[in-house]
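Heads up, the thing below is written out as C-alpha coordinates.
Atom set for the values below is all heavy atoms of this structure, side chains included, hydrogens, waters and symmetry mates excluded. The chains referred to below are lettered A, B, ... by the order of the sequence lines, with proteins before strands, and numbering in each begins at 1. Because the structure is a prediction, the values reported are computed rather than measured.
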There are 2 protein chains.
Amino acid sequence: MGKLIENLADGGGECGLPHALEAMGERWSFMILRAAFNGLKHFEEMQASLGIARNILANRLGRLVATGILERQPCPDDRRKIEYRLTAKGESLLPAMIALRQWGERWGDGGLSNPVLCDRRDRQPVQRVRIHAQDGRALDWHDLTWVDQSELVSEAAE
Amino acid sequence: MGKLIENLADGGGECGLPHALEAMGERWSFMILRAAFNGLKHFEEMQASLGIARNILANRLGRLVATGILERQPCPDDRRKIEYRLTAKGESLLPAMIALRQWGERWGDGGLSNPVLCDRRDRQPVQRVRIHAQDGRALDWHDLTWVDQSELVSEAAE
DNA sequence: GTTTTAGGTTGCAACTAAAAACTCAATTGC
DNA sequence: GCAATTGAGTTTTTAGTTGCAACCTAAAAC
(Lines give C-alpha, C1' and ligand atoms only; values in the text may rest on other atoms or scores of the structure.)
Protein backbone atom coordinates (compact mmCIF):
# COMPACT_ATOMS: atom_id res chain seq x y z
CA MET A 1 0.00 0.00 0.00
CA GLY A 2 1.56 3.23 -1.07
CA LYS A 3 3.56 2.91 -4.23
CA LEU A 4 1.10 2.88 -7.10
CA ILE A 5 2.55 5.31 -9.55
CA GLU A 6 6.08 5.88 -8.41
CA ASN A 7 7.58 5.11 -11.78
CA LEU A 8 5.55 7.80 -13.43
CA ALA A 9 8.10 10.15 -11.99
CA ASP A 10 8.99 12.03 -15.15
CA GLY A 11 7.91 11.79 -18.70
CA GLY A 12 9.32 14.92 -20.20
CA GLY A 13 9.87 17.22 -17.28
CA GLU A 14 8.92 17.59 -13.64
CA CYS A 15 5.24 17.67 -13.04
CA GLY A 16 2.61 17.74 -10.36
CA LEU A 17 0.53 15.16 -12.18
CA PRO A 18 2.19 12.06 -10.74
CA HIS A 19 1.63 13.38 -7.25
CA ALA A 20 -1.99 14.12 -7.99
CA LEU A 21 -2.48 10.68 -9.46
CA GLU A 22 -0.86 9.04 -6.49
CA ALA A 23 -3.61 10.50 -4.36
CA MET A 24 -6.50 10.37 -6.82
CA GLY A 25 -5.51 7.94 -9.55
CA GLU A 26 -7.27 4.88 -8.24
CA ARG A 27 -10.48 3.53 -9.57
CA TRP A 28 -12.97 4.89 -7.07
CA SER A 29 -11.19 7.92 -5.70
CA PHE A 30 -12.99 10.51 -7.78
CA MET A 31 -16.37 8.94 -7.21
CA ILE A 32 -15.77 9.03 -3.48
CA LEU A 33 -14.65 12.62 -3.75
CA ARG A 34 -17.83 13.48 -5.59
CA ALA A 35 -19.87 11.77 -2.92
CA ALA A 36 -18.07 13.91 -0.35
CA PHE A 37 -18.85 17.05 -2.34
CA ASN A 38 -22.44 15.91 -2.49
CA GLY A 39 -22.57 15.95 1.26
CA LEU A 40 -22.21 12.26 2.06
CA LYS A 41 -20.23 11.90 5.23
CA HIS A 42 -20.56 8.36 6.49
CA PHE A 43 -19.30 4.99 5.43
CA GLU A 44 -22.68 3.38 5.00
CA GLU A 45 -24.06 6.34 3.07
CA MET A 46 -21.24 6.17 0.61
CA GLN A 47 -21.32 2.42 0.36
CA ALA A 48 -25.01 2.43 -0.43
CA SER A 49 -24.82 5.34 -2.81
CA LEU A 50 -21.79 4.18 -4.78
CA GLY A 51 -22.30 0.44 -4.65
CA ILE A 52 -18.60 -0.02 -4.03
CA ALA A 53 -17.27 -3.06 -2.21
CA ARG A 54 -16.86 -2.37 1.50
CA ASN A 55 -13.24 -3.37 1.73
CA ILE A 56 -12.33 -1.13 -1.18
CA LEU A 57 -14.27 1.76 0.29
CA ALA A 58 -12.50 1.29 3.61
CA ASN A 59 -9.17 1.21 1.85
CA ARG A 60 -9.87 4.27 -0.31
CA LEU A 61 -11.20 6.31 2.59
CA GLY A 62 -8.09 5.40 4.55
CA ARG A 63 -5.92 6.52 1.72
CA LEU A 64 -7.81 9.75 1.19
CA VAL A 65 -7.41 10.48 4.87
CA ALA A 66 -3.72 9.58 4.70
CA THR A 67 -3.16 12.00 1.84
CA GLY A 68 -5.04 14.74 3.67
CA ILE A 69 -7.97 14.99 1.28
CA LEU A 70 -10.53 13.86 3.86
CA GLU A 71 -10.64 14.23 7.61
CA ARG A 72 -11.83 11.39 9.80
CA GLN A 73 -13.74 12.43 12.86
CA PRO A 74 -15.84 10.32 15.23
CA CYS A 75 -19.28 11.78 15.77
CA PRO A 76 -19.91 12.96 19.31
CA ASP A 77 -23.63 12.11 19.37
CA ASP A 78 -23.33 8.55 18.05
CA ARG A 79 -19.92 7.16 18.68
CA ARG A 80 -20.27 4.34 16.21
CA LYS A 81 -20.45 6.89 13.44
CA ILE A 82 -17.49 8.50 11.82
CA GLU A 83 -17.62 11.62 9.75
CA TYR A 84 -15.46 11.99 6.71
CA ARG A 85 -15.24 15.52 5.58
CA LEU A 86 -13.30 17.44 3.01
CA THR A 87 -10.22 19.32 4.07
CA ALA A 88 -9.03 22.46 2.30
CA LYS A 89 -6.77 20.22 0.26
CA GLY A 90 -9.76 18.12 -0.70
CA GLU A 91 -11.89 21.14 -1.52
CA SER A 92 -9.24 22.43 -3.85
CA LEU A 93 -9.77 19.35 -6.01
CA LEU A 94 -13.14 20.73 -7.02
CA PRO A 95 -11.97 22.36 -10.27
CA ALA A 96 -10.32 19.13 -11.38
CA MET A 97 -13.38 17.10 -10.55
CA ILE A 98 -15.77 19.49 -12.23
CA ALA A 99 -13.57 19.74 -15.30
CA LEU A 100 -13.62 15.98 -15.58
CA ARG A 101 -17.33 15.82 -15.01
CA GLN A 102 -18.05 18.51 -17.58
CA TRP A 103 -15.88 16.69 -20.07
CA GLY A 104 -17.76 13.48 -19.44
CA GLU A 105 -21.02 15.30 -19.81
CA ARG A 106 -20.00 16.99 -23.02
CA TRP A 107 -18.71 13.87 -24.75
CA GLY A 108 -20.76 11.27 -22.97
CA ASP A 109 -24.00 9.62 -23.77
CA GLY A 110 -26.02 12.76 -23.83
CA GLY A 111 -27.58 12.98 -20.40
CA LEU A 112 -26.88 16.17 -18.52
CA SER A 113 -25.44 15.83 -15.06
CA ASN A 114 -27.70 16.35 -12.11
CA PRO A 115 -27.57 18.07 -9.71
CA VAL A 116 -25.85 21.04 -11.29
CA LEU A 117 -23.16 23.02 -9.54
CA CYS A 118 -24.42 26.57 -9.15
CA ASP A 119 -23.38 29.92 -7.86
CA ARG A 120 -25.00 30.23 -4.46
CA ARG A 121 -25.69 33.90 -5.10
CA ASP A 122 -27.92 33.63 -8.15
CA ARG A 123 -28.39 29.87 -8.45
CA GLN A 124 -27.07 29.93 -11.99
CA PRO A 125 -24.87 27.08 -13.21
CA VAL A 126 -21.16 27.71 -13.18
CA GLN A 127 -19.24 28.23 -16.39
CA ARG A 128 -17.39 25.53 -18.18
CA VAL A 129 -13.96 25.10 -16.61
CA ARG A 130 -11.33 26.53 -18.92
CA ILE A 131 -7.74 27.69 -19.07
CA HIS A 132 -7.36 31.43 -18.61
CA ALA A 133 -4.51 33.78 -19.44
CA GLN A 134 -3.30 36.28 -16.88
CA ASP A 135 -5.49 38.92 -18.46
CA GLY A 136 -8.51 36.66 -18.17
CA ARG A 137 -8.95 35.52 -21.78
CA ALA A 138 -10.05 31.91 -22.09
CA LEU A 139 -7.48 29.95 -24.04
CA ASP A 140 -7.65 26.78 -26.08
CA TRP A 141 -4.85 24.36 -26.78
CA HIS A 142 -3.74 26.15 -29.92
CA ASP A 143 -3.35 29.39 -27.93
CA LEU A 144 -0.89 27.74 -25.58
CA THR A 145 2.76 26.68 -25.46
CA TRP A 146 5.01 25.01 -22.99
CA VAL A 147 7.75 27.31 -21.74
CA ASP A 148 10.75 26.21 -19.75
CA GLN A 149 10.80 27.68 -16.28
CA SER A 150 14.24 29.21 -16.79
CA GLU A 151 12.84 31.23 -19.68
CA LEU A 152 9.96 32.71 -17.73
CA VAL A 153 9.95 36.47 -17.58
CA SER A 154 9.28 36.96 -13.90
CA GLU A 155 6.59 39.47 -13.17
CA ALA A 156 5.36 38.92 -9.61
CA ALA A 157 3.37 35.93 -10.80
CA GLU A 158 0.09 34.98 -9.19
CA MET B 1 -11.18 -5.49 -21.32
CA GLY B 2 -13.86 -2.87 -21.46
CA LYS B 3 -15.99 -2.73 -18.39
CA LEU B 4 -13.90 -1.14 -15.70
CA ILE B 5 -16.22 1.24 -13.98
CA GLU B 6 -19.68 0.31 -15.10
CA ASN B 7 -21.08 0.05 -11.61
CA LEU B 8 -20.14 3.60 -10.83
CA ALA B 9 -23.28 4.47 -12.68
CA ASP B 10 -24.91 6.69 -10.11
CA GLY B 11 -24.03 7.79 -6.66
CA GLY B 12 -26.47 10.50 -5.91
CA GLY B 13 -27.61 11.68 -9.28
CA GLU B 14 -26.67 11.44 -12.94
CA CYS B 15 -23.23 12.57 -13.67
CA GLY B 16 -20.64 12.83 -16.40
CA LEU B 17 -17.91 11.67 -14.06
CA PRO B 18 -18.38 7.95 -14.57
CA HIS B 19 -18.14 8.41 -18.30
CA ALA B 20 -15.00 10.47 -17.94
CA LEU B 21 -13.47 7.91 -15.64
CA GLU B 22 -14.29 5.11 -17.99
CA ALA B 23 -12.10 6.78 -20.56
CA MET B 24 -9.45 8.30 -18.30
CA GLY B 25 -9.69 6.49 -14.98
CA GLU B 26 -6.93 4.00 -15.48
CA ARG B 27 -3.54 4.28 -13.97
CA TRP B 28 -1.54 5.56 -16.89
CA SER B 29 -4.17 7.36 -18.93
CA PHE B 30 -3.43 10.85 -17.71
CA MET B 31 0.31 10.38 -18.01
CA ILE B 32 -0.13 9.29 -21.62
CA LEU B 33 -2.40 12.24 -22.24
CA ARG B 34 0.23 14.54 -20.84
CA ALA B 35 2.83 12.96 -23.08
CA ALA B 36 0.55 13.64 -26.02
CA PHE B 37 0.13 17.26 -24.96
CA ASN B 38 3.91 17.45 -24.70
CA GLY B 39 4.16 16.54 -28.34
CA LEU B 40 5.08 12.87 -28.12
CA LYS B 41 3.46 11.04 -30.99
CA HIS B 42 5.01 7.61 -31.29
CA PHE B 43 4.86 4.42 -29.36
CA GLU B 44 8.57 4.15 -28.70
CA GLU B 45 8.85 7.79 -27.66
CA MET B 46 6.13 7.37 -25.09
CA GLN B 47 7.43 4.06 -23.91
CA ALA B 48 10.89 5.47 -23.33
CA SER B 49 9.67 8.69 -21.77
CA LEU B 50 7.11 7.17 -19.41
CA GLY B 51 8.82 3.91 -18.58
CA ILE B 52 5.49 2.12 -18.91
CA ALA B 53 5.29 -1.56 -19.82
CA ARG B 54 4.82 -2.09 -23.54
CA ASN B 55 1.70 -4.20 -23.30
CA ILE B 56 0.04 -1.69 -21.03
CA LEU B 57 0.99 1.18 -23.31
CA ALA B 58 -0.40 -0.70 -26.30
CA ASN B 59 -3.57 -1.41 -24.38
CA ARG B 60 -4.00 2.17 -23.13
CA LEU B 61 -3.31 3.70 -26.54
CA GLY B 62 -5.85 1.33 -28.02
CA ARG B 63 -8.38 2.38 -25.46
CA LEU B 64 -7.69 6.08 -25.90
CA VAL B 65 -8.17 5.63 -29.63
CA ALA B 66 -11.34 3.63 -29.03
CA THR B 67 -12.79 6.40 -26.89
CA GLY B 68 -11.83 9.01 -29.47
CA ILE B 69 -9.26 10.85 -27.38
CA LEU B 70 -6.38 9.98 -29.68
CA GLU B 71 -6.26 9.37 -33.40
CA ARG B 72 -4.12 6.61 -34.84
CA GLN B 73 -2.56 7.41 -38.15
CA PRO B 74 0.20 5.52 -39.98
CA CYS B 75 3.00 7.82 -41.14
CA PRO B 76 3.22 8.09 -44.90
CA ASP B 77 7.03 8.52 -44.99
CA ASP B 78 7.91 5.58 -42.77
CA ARG B 79 5.19 3.03 -42.78
CA ARG B 80 6.37 1.27 -39.66
CA LYS B 81 5.59 4.39 -37.68
CA ILE B 82 2.24 5.30 -36.35
CA GLU B 83 1.28 8.72 -35.17
CA TYR B 84 -0.99 9.14 -32.20
CA ARG B 85 -2.41 12.58 -32.01
CA LEU B 86 -4.98 14.36 -29.94
CA THR B 87 -8.48 14.78 -31.31
CA ALA B 88 -10.71 17.69 -30.37
CA LYS B 89 -12.18 15.45 -27.70
CA GLY B 90 -8.69 14.79 -26.36
CA GLU B 91 -7.74 18.45 -26.47
CA SER B 92 -10.77 19.34 -24.44
CA LEU B 93 -9.35 17.30 -21.57
CA LEU B 94 -6.69 19.94 -21.10
CA PRO B 95 -8.47 21.87 -18.35
CA ALA B 96 -8.99 18.69 -16.36
CA MET B 97 -5.38 17.65 -16.76
CA ILE B 98 -4.02 21.06 -15.89
CA ALA B 99 -6.32 21.36 -12.89
CA LEU B 100 -5.03 18.04 -11.64
CA ARG B 101 -1.44 18.99 -12.31
CA GLN B 102 -1.79 22.32 -10.56
CA TRP B 103 -3.34 20.61 -7.59
CA GLY B 104 -0.45 18.17 -7.44
CA GLU B 105 1.98 21.01 -7.70
CA ARG B 106 0.30 23.02 -5.00
CA TRP B 107 0.05 20.23 -2.47
CA GLY B 108 2.93 18.10 -3.60
CA ASP B 109 6.51 17.89 -2.55
CA GLY B 110 7.33 21.45 -3.42
CA GLY B 111 8.90 21.25 -6.86
CA LEU B 112 7.24 23.42 -9.46
CA SER B 113 6.19 21.72 -12.64
CA ASN B 114 8.26 22.19 -15.70
CA PRO B 115 7.70 23.09 -18.46
CA VAL B 116 4.98 25.60 -17.65
CA LEU B 117 1.86 26.04 -19.74
CA CYS B 118 1.89 29.57 -21.10
CA ASP B 119 -0.17 31.93 -23.16
CA ARG B 120 1.42 31.86 -26.60
CA ARG B 121 0.80 35.57 -26.97
CA ASP B 122 2.84 36.86 -24.05
CA ARG B 123 4.53 33.70 -22.82
CA GLN B 124 3.10 34.24 -19.35
CA PRO B 125 1.94 31.24 -17.32
CA VAL B 126 -1.77 30.55 -17.35
CA GLN B 127 -3.90 31.20 -14.30
CA ARG B 128 -4.82 28.62 -11.79
CA VAL B 129 -7.83 26.67 -13.04
CA ARG B 130 -10.89 27.68 -11.07
CA ILE B 131 -14.65 27.57 -11.07
CA HIS B 132 -16.25 30.71 -12.47
CA ALA B 133 -19.76 32.09 -12.15
CA GLN B 134 -21.64 33.29 -15.21
CA ASP B 135 -20.51 36.82 -14.47
CA GLY B 136 -16.90 35.72 -14.32
CA ARG B 137 -16.27 35.78 -10.57
CA ALA B 138 -14.04 32.96 -9.38
CA LEU B 139 -15.88 30.83 -6.85
CA ASP B 140 -14.76 28.56 -4.06
CA TRP B 141 -16.59 25.61 -2.62
CA HIS B 142 -18.41 27.66 0.00
CA ASP B 143 -19.77 29.94 -2.74
CA LEU B 144 -21.41 27.01 -4.47
CA THR B 145 -24.47 24.79 -4.16
CA TRP B 146 -25.94 21.87 -6.00
CA VAL B 147 -29.22 22.72 -7.66
CA ASP B 148 -31.56 20.19 -9.16
CA GLN B 149 -31.98 20.58 -12.87
CA SER B 150 -35.73 20.95 -12.61
CA GLU B 151 -35.22 24.00 -10.41
CA LEU B 152 -32.95 25.80 -12.80
CA VAL B 153 -34.20 29.18 -13.90
CA SER B 154 -33.61 28.94 -17.62
CA GLU B 155 -31.96 31.99 -19.07
CA ALA B 156 -30.44 31.05 -22.45
CA ALA B 157 -27.64 29.29 -20.64
CA GLU B 158 -24.15 29.13 -22.15
C1' DG C 1 20.37 -10.09 -47.37
C1' DT C 2 21.43 -9.36 -42.77
C1' DT C 3 20.57 -6.02 -39.13
C1' DT C 4 17.84 -2.52 -36.89
C1' DT C 5 13.76 -0.20 -35.75
C1' DA C 6 8.75 0.47 -34.85
C1' DG C 7 4.94 -1.35 -32.93
C1' DG C 8 3.17 -4.50 -31.19
C1' DT C 9 1.80 -10.01 -28.84
C1' DT C 10 2.21 -13.77 -25.61
C1' DG C 11 3.07 -16.20 -21.23
C1' DC C 12 3.50 -16.02 -16.70
C1' DA C 13 4.14 -14.18 -11.75
C1' DA C 14 2.62 -10.64 -8.61
C1' DC C 15 -0.69 -7.60 -7.35
C1' DT C 16 -5.42 -5.45 -6.81
C1' DA C 17 -10.40 -5.49 -6.88
C1' DA C 18 -15.02 -7.44 -5.87
C1' DA C 19 -18.53 -10.10 -3.31
C1' DA C 20 -19.89 -12.13 0.58
C1' DA C 21 -19.45 -13.47 5.09
C1' DC C 22 -17.69 -12.26 9.60
C1' DT C 23 -16.29 -9.10 13.70
C1' DC C 24 -17.08 -5.96 17.22
C1' DA C 25 -18.56 -2.00 19.63
C1' DA C 26 -22.34 1.39 20.26
C1' DT C 27 -27.24 2.07 20.22
C1' DT C 28 -32.06 1.14 20.10
C1' DG C 29 -36.44 -1.37 21.29
C1' DC C 30 -38.91 -3.59 24.60
C1' DG D 1 -31.26 -5.71 31.26
C1' DC D 2 -30.92 -8.17 27.14
C1' DA D 3 -31.79 -9.18 22.25
C1' DA D 4 -31.73 -7.05 17.78
C1' DT D 5 -29.86 -3.60 14.85
C1' DT D 6 -26.60 -0.40 13.01
C1' DG D 7 -22.03 1.65 11.74
C1' DA D 8 -17.67 0.80 10.43
C1' DG D 9 -14.81 -1.91 9.37
C1' DT D 10 -11.91 -6.94 8.55
C1' DT D 11 -11.25 -11.59 6.39
C1' DT D 12 -11.61 -14.88 2.97
C1' DT D 13 -12.10 -16.37 -1.49
C1' DT D 14 -12.36 -15.60 -6.35
C1' DA D 15 -11.68 -12.96 -10.47
C1' DG D 16 -9.43 -9.54 -13.05
C1' DT D 17 -5.22 -6.29 -13.94
C1' DT D 18 -0.46 -5.00 -14.13
C1' DG D 19 4.16 -5.61 -15.21
C1' DC D 20 8.25 -7.85 -16.91
C1' DA D 21 10.67 -10.35 -20.30
C1' DA D 22 10.79 -12.56 -24.30
C1' DC D 23 9.00 -13.14 -28.74
C1' DC D 24 7.01 -11.75 -33.44
C1' DT D 25 6.33 -9.26 -37.90
C1' DA D 26 6.83 -5.79 -41.35
C1' DA D 27 9.35 -1.98 -43.04
C1' DA D 28 13.70 0.52 -43.46
C1' DA D 29 18.89 0.87 -43.45
C1' DC D 30 23.15 -0.67 -44.71
Side-chain angles (χ1 to χ4, degrees), chain A residues 1-9 11 18 21-32 35-36 39-67 70-85, chain B residues 1-9 11 18 21-32 35-36 39-67 70-85:
Chain A
M1 202 220 268
K3 59 173 183 173
L4 180 56
I5 306 192
E6 62 194 5
N7 298 26
L8 304 176
L21 293 173
E22 208 163 319
M24 294 299 300
E26 283 174 301
R27 290 213 205 304
W28 287 93
S29 307
F30 266 104
M31 291 302 288
I32 293 171
L40 304 194
K41 290 180 175 48
H42 303 289
F43 189 96
E44 302 290 336
E45 279 178 334
M46 293 197 181
Q47 205 279 318
S49 137
L50 297 174
I52 182 177
R54 305 175 67 82
N55 54 350
I56 301 296
L57 178 56
N59 183 292
R60 280 316 98 88
L61 285 173
R63 185 186 273 273
L64 290 173
V65 169
T67 54
L70 295 179
E71 244 171 7
R72 185 182 195 280
Q73 197 182 10
C75 286
D77 56 317
D78 181 341
R79 278 190 335 233
R80 290 168 304 179
K81 283 193 184 174
I82 285 179
E83 262 200 25
Y84 292 95
R85 65 157 70 138
Chain B
M1 200 221 268
K3 62 174 178 166
L4 179 57
I5 305 192
E6 62 193 7
N7 298 28
L8 303 177
L21 292 173
E22 208 163 319
M24 294 299 301
E26 284 174 300
R27 292 216 205 304
W28 287 93
S29 307
F30 266 104
M31 291 302 288
I32 293 170
L40 303 195
K41 289 179 176 48
H42 302 290
F43 189 96
E44 303 290 336
E45 279 178 333
M46 293 197 181
Q47 205 278 318
S49 137
L50 296 175
I52 183 177
R54 304 176 67 80
N55 56 346
I56 301 296
L57 179 57
N59 185 295
R60 282 316 98 88
L61 286 172
R63 185 185 274 274
L64 291 172
V65 169
T67 54
L70 296 178
E71 245 170 7
R72 186 182 195 279
Q73 195 182 12
C75 289
D77 56 317
D78 181 344
R79 280 191 333 232
R80 291 169 306 178
K81 284 194 182 173
I82 285 178
E83 264 200 24
Y84 291 96
R85 65 157 69 141

Residues in side-chain contact (heavy atoms from CB on, under 4.5 Å) contact with [X], at least two apart in sequence or another chain:
{"X": "A:R79", "result": "none"}
{"X": "A:R54", "result": "A:F43, A:E44, A:Q47"}
{"X": "A:D78", "result": "A:R80, A:K81"}
{"X": "B:A66", "result": "none"}

Given atom [atom1] of [X] and atom [atom2] of [N], what is their separation to the nearest angstrom?
{"X": "A:R79", "N": "C:dA25", "atom1": "CZ", "atom2": "C1'", "answer": "10 Å"}
{"X": "A:R27", "N": "C:dT16", "atom1": "CZ", "atom2": "P", "answer": "11 Å"}
{"X": "A:L40", "N": "D:dG7", "atom1": "CG", "atom2": "C1'", "answer": "15 Å"}
{"X": "B:I52", "N": "D:dT17", "atom1": "CD1", "atom2": "P", "answer": "16 Å"}
{"X": "A:Q47", "N": "D:dG7", "atom1": "CD", "atom2": "C1'", "answer": "11 Å"}
{"X": "A:M46", "N": "D:dG9", "atom1": "CE", "atom2": "C1'", "answer": "15 Å"}
{"X": "B:N59", "N": "D:dT18", "atom1": "CG", "atom2": "P", "answer": "7 Å"}
{"X": "A:I56", "N": "C:dC15", "atom1": "CD1", "atom2": "P", "answer": "16 Å"}

Output all residues satisfying salt bridge (charged side-chain N to carboxylate O under 4.0 Å, His left out) with A:E45, sequence neighbours left out; order by chain, then residue number. none

Side chains of A:M46 and A:L61, heavy atoms from C-beta outward: is any pair under 4.5 Å? yes

I need a per-nucleotide contact map over nucleotides 2-10 of chain C, read 5' to 3'. Cutoff is protein heavy atoms under 4.0 Å; write B for the base, S for backbone only, - otherwise. ---BBBB-B

Is there a side-chain polar atom (N or O) of A:W28 under 4.0 Å from OP1 or OP2 of C:dA18? yes

